[in-house]
Structure formats: C-alpha cells, structure tokens
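In this text the structure is predicted, and so the values were computed from the model without any measurement.
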Amino acid sequence: MINLREAGRILYVSSVDISVGNGPGVNEREFVVALDRAIGDRAHFLIPRPVDEVPEIPLDRCSFSLPHQEHSYVRYPAHVLSQMKTADRILSRDHFDLLVFRLDLLPFAPLYITSRHNIPYALKTVGQGLLNTLGEKGGLLGKPLMEMNRQLVRRLVAKSLVADSVSKAQVAFLQDVLKLDSEKIEWIDNAVNTDRFFPSSTTEARERLGLAKFSPIVGYVGTRPWERGGMQLVETAPELLARYPHLGLVILGDGDALDSLERKARELQVDEHCVFAGYVPFPEVPHYVNSLDVGVSISLRSDRFAASELKVRQYLACGKPVVVSPGSNDFLATEKLGSTVQPTDLKALAVELEHWFSIEGDERARFENRAMGYISENLSMEAAINRRLDLWSERLRSLQLRHSSSQA
C-alpha cells in the first residue's frame, strides 16, 4: 500500500502559466515548488513554458508544453495537442503511480491522457470559474460551450479518485451542478508559502518601497483592485484622514479600469495619500504586504462569495489583520484575526480599520505571532501538500482494496 509521503511517483499536469502574477499563476507556482520540496524527484511537472523566468522551479523535473497565451484561439489548440504529446512521451518513458491535474476550460488533454493511460488520477483546485467562465465570456458560443465543458468536467471528476476545491461553498456548488456523490469532492483551502510570506520589519519595508512618509498604511494586494477593495479604500480615505493625517493607501494590481481609482482619488482630493503600484513582480509582493498595517479584500460581486482569497492568507502570514466582505473567511472572526463588513458599508469599513490601526506595541506583536502561527498550522502550503498527499494515498489504498476484493 503506497503512502505518497514516503513512496510513489506523481505526474502533475496543469495549463496555468506559473510566471503570471494572478491568483491561479501564484497558486500553481507555489504548489509546484512545495510539492517538489515535499517529495523531490518522485514528482514531475508538465506545465506551459513560462512567459517569464521563474528561478525557483525545478527545471530538471519539468516538461514544458506550448503556452496558450490567455486561451488564444490560435494558441490554445496547439497547447492542448502539445500537452497530449508531451504526456505520452513522459508516460512511455517513466512509471507513475498517480496523475494529478489542474483542469482548464474544455479539458480535452486530461480526457485523452486518462483514457490512453490506465493510471489513477486526482484533480486539484476545481472551482466555479472552471464551470461558469465560458457562459459568461464565451460570446455567442458561450452557452453551448459551457454545457460541453461541464459534461467534460463531470466525466473527469466522476472517474477520478477525488477532486478538491478551495471552499465549502465551492464544494457545495460543484456537488449541486455536477450531481456527483459527496465523497468525490473534498475541501482543501487555498494555502500560502510561509517561506515567502512571513513577518519582517514594517519600517524597513516602507523605506525600501519609498513609503516611509505614511503611517498608518492600509492596502490591497492582488488583481482587479477597482472591484475587490481598492475603490472602497479610496472612498473611505477622506473620513480616515480626519484622524490619521499621514494615512497611506497602497494598492497593487493593474488593468484598464485602474484609472477609475486614480480619478476617484483626485476627485476626493486624497491622491497624495494613494500609491497605485500597478503590476508588481511576485518576489516583491511580500515587501508590500509587510509595509501595511491592515490588508483588505472586499468584493461587490456575488460570484466571489465562495472564493478563498489567497491575498487574505498572504496578509495573515505576514502578521497583518484583515478586513473582508462576507464569504469563505469565517475563521477570521472565530480566531479574532480580522473583521467582516458589507462591501457597500463604508462607515463600518472605517470603524474596523480604525480598530486595527489602534493595535500597537506588544499587542500587535502578539497578534502577529497568533496570525503567523494559525497560518503555519492550518493554511500553509506545506500543510496543504500533506493534506493532499494523505488524501490521495487514502484513495489509492481504497482503490487497491477494491481491486483485491474483485479478484478474490
């Protein structure tokens, strides 16, 4: 019976570019690094050739498919064919005990690979976006493509050992839409790399980033800041400045709508207190998180309710309290690590920010230690890797027992 923590080989297949600094890119980058650290040369990774250099990935244990460049109509078919051919080459050469896939839209390559090669497989980080994106953004063909995609995903989940998703709400959604037995989909929360995100000197981080003139600092670190907390921060700034004249707002993330935040800041005459950093290379992100007093993650979009925001885990790993909108972060209130506010209630946002600004000295140091400890024990990438290895081992053992019983 295989215990994957100690033996057995895993081929991991993903269509996510791990050099891109969005949620999926960061999640996959950290997963690849963590799995390699956990089991070393017993893992091999089939991923798209990164657009940018990623120094920490184990090049000798990676095979690269063609990139698809954000699902380009021209590039994506070539990417899928490249995945199929590369997987065939790897699997004809080496033995693997388990395949693990992160599914992408219209997952023809995983279907081909699992049909051609009789190897047990599991699915990582299956979510709402995988099932809904084509319906929302697929144009005239969106609805029929969405239904086709759902049938492909359902088939893959049904035949897998197990699939995991990042929140209880997403697990419930998937069970409802895919109409599968409850044991097919397990909850494994998003996790953070605590070797990358950990508390360091706030003063030094601010000096490094040119933010030393601000105190306190509240910030948003992520993508699409205009709809996930940045706008609420700008609109709350006038009230906060009355009490904190040296307040700083630090907002990471770029895109076409970023100018709406900049216009609002000028309109409210708070632009001198705002730093719109735009896109920041991922290795620099921990410095920005450590420069903050409080981090936020607030969304007006109802479809974000079930999200398990990686940025929230990154804030906490650096010892920062968090203010969020309702969703899949109930542990914040239970563990007294943050606050929840309605996304349109700017008064409540200001009150909660002031509360967390008031924590100083020894009290802030104690908070930092509690937050870091909670993340290390429950939401670190190491903890998530071990949970997956144990889950996959358990399902492999169950499969082997069923085979033994059927042959008896």
Side-chain angles (χ1 to χ4, degrees), residues 21 26 29-30 33-34 52-56 191-223 225 229-230 233-234 237 240-241 243-254 265 270-297 309-323 337-338 352-377 379-382:
V26 170
R29 178 177 185 157
E30 301 291 36
V33 171
D52 297 317
E53 185 179 354
V54 185
E56 65 263 44
V192 61
N193 179 357
T194 52
D195 288 334
R196 191 188 306 276
F197 289 89
F198 55 87
S200 64
S201 168
T202 299
T203 300
E204 291 179 9
R206 291 178 182 178
E207 290 176 350
R208 176 191 180 105
L209 300 171
L211 303 173
K213 66 180 179 179
F214 298 121
S215 182
I217 296 178
V218 57
Y220 172 87
V221 174
T223 57
L233 287 182
V234 170
L240 292 172
L241 281 166
R243 289 196 58 186
Y244 304 96
H246 300 293
L247 175 76
L249 273 61
V250 175
I251 297 173
L252 273 63
D254 63 357
V270 298
D271 50 305
E272 292 186 358
H273 293 267
C274 297
V275 176
F276 297 104
Y279 173 77
V280 171
F282 186 54
E284 289 294 305
V285 171
H287 300 300
Y288 280 92
V289 177
N290 274 301
S291 76
L292 306 179
D293 291 291
V294 186
V296 302
S297 181
E309 301 100 321
L310 188 55
K311 67 184 73 63
V312 170
R313 284 104 183 114
Q314 292 168 348
Y315 297 146
L316 292 172
C318 293
K320 309 301 179 179
V322 188
V323 180
L337 296 175
E352 294 304 325
L353 289 176
E354 289 187 36
H355 164 70
W356 294 112
F357 288 159
S358 70
I359 296 178
E360 298 177 333
D362 291 344
E363 186 179 5
R364 181 164 282 272
R366 287 193 296 272
F367 177 93
E368 184 177 281
N369 287 332
R370 279 199 308 110
M372 182 177 58
Y374 182 84
I375 289 292
S376 295
E377 184 174 348
L379 297 172
S380 67
M381 188 58 74
E382 181 181 6

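A side-chain donor-acceptor contact under 3.5 Å links Ser358 to the backbone of His355. In this structure, Asn290 contributes its side chain and Phe197 its backbone to no donor-acceptor pair below 3.5 Å.
Heavy-atom minimum distance, Asp293 versus Arg206: OD2-NH2, 2.6 Å. Here the closest non-hydrogen pair linking Leu211 and Val250 is CD1-CG2, 3.9 Å. Residue Lys311 comes nearest to Gly222 through the heavy atom pair CE-CA, 4.0 Å, listed as atom of the first residue, atom of the second, then distance. When every heavy atom of Pro225 is checked against every heavy atom of Gly253, the shortest pair comes out as CG-O, 3.7 Å. When all heavy atoms are compared, the tightest approach of Leu292 to Tyr288 is CG-O, 3.4 Å. Nearest approach of Tyr220 to Thr223, heavy atoms of both residues: OH-O, 2.5 Å.
A search for side chain to side chain donor-acceptor pair (under 3.5 Å) contacts involving Ser380 returns nothing, not counting sequence neighbours. The salt bridge (charged side-chain N to carboxylate O under 4.0 Å, His left out) search around Arg364 returns none, not counting sequence neighbours. Listed by chain and number, the residues in a salt bridge (charged side-chain N to carboxylate O under 4.0 Å, His left out) with Glu207 amount to none (sequence neighbours excluded). Applying the salt bridge (charged side-chain N to carboxylate O under 4.0 Å, His left out) test to Asp195 and every residue at least two apart in sequence or in another chain returns Arg37. By the side chain to side chain donor-acceptor pair (under 3.5 Å) test, Glu352 is found to be paired with Ser339, residues two or more places apart in sequence or in another chain being considered.
The structure places CZ of Arg196 at 9.5 Å from CD of Gln314, a figure rounded to the nearest 0.5 Å. Distance check: Phe367 CZ to Glu363 CD gives 10.0 Å after rounding to the nearest 0.5 Å. The CG atom of Leu337 lies 7.0 Å from the CH2 atom of Trp356; values are rounded to the nearest 0.5 Å.
For the side-chain contact (heavy atoms from CB on, under 4.5 Å) with Leu249, the lone residue among Leu233, Val296, Leu241, Leu240 that qualifies is Leu233.
Within the 4.5 Å cutoff, side-chain heavy atoms of Lys320 are placed close to those of Thr202.
A salt bridge does not link Arg313 with Glu30: every distance from a Lys NZ or Arg NE/NH1/NH2 to an Asp or Glu carboxylate oxygen is 4.0 Å or more.
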Stepwise side chain to side chain contact (heavy atoms under 4.5 Å, CB included) check, Ile251 with Val234 | CA-CA 10 Å; Ile251 297 173; Val234 170; 4.3 Å; yes

Review item, side-chain donor-acceptor pairs of residues 270-284, under 3.5 Å, at least two apart:
unit_1 : atom_1 : unit_2 : atom_2 : d
His273 : ND1    : Leu247 : O      : 2.8
Glu284 : OE2    : Arg208 : NH2    : 3.1

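The number of heavy atoms from other shown groups lying within 6.0 Å of CD (Glu382) does not exceed 12.
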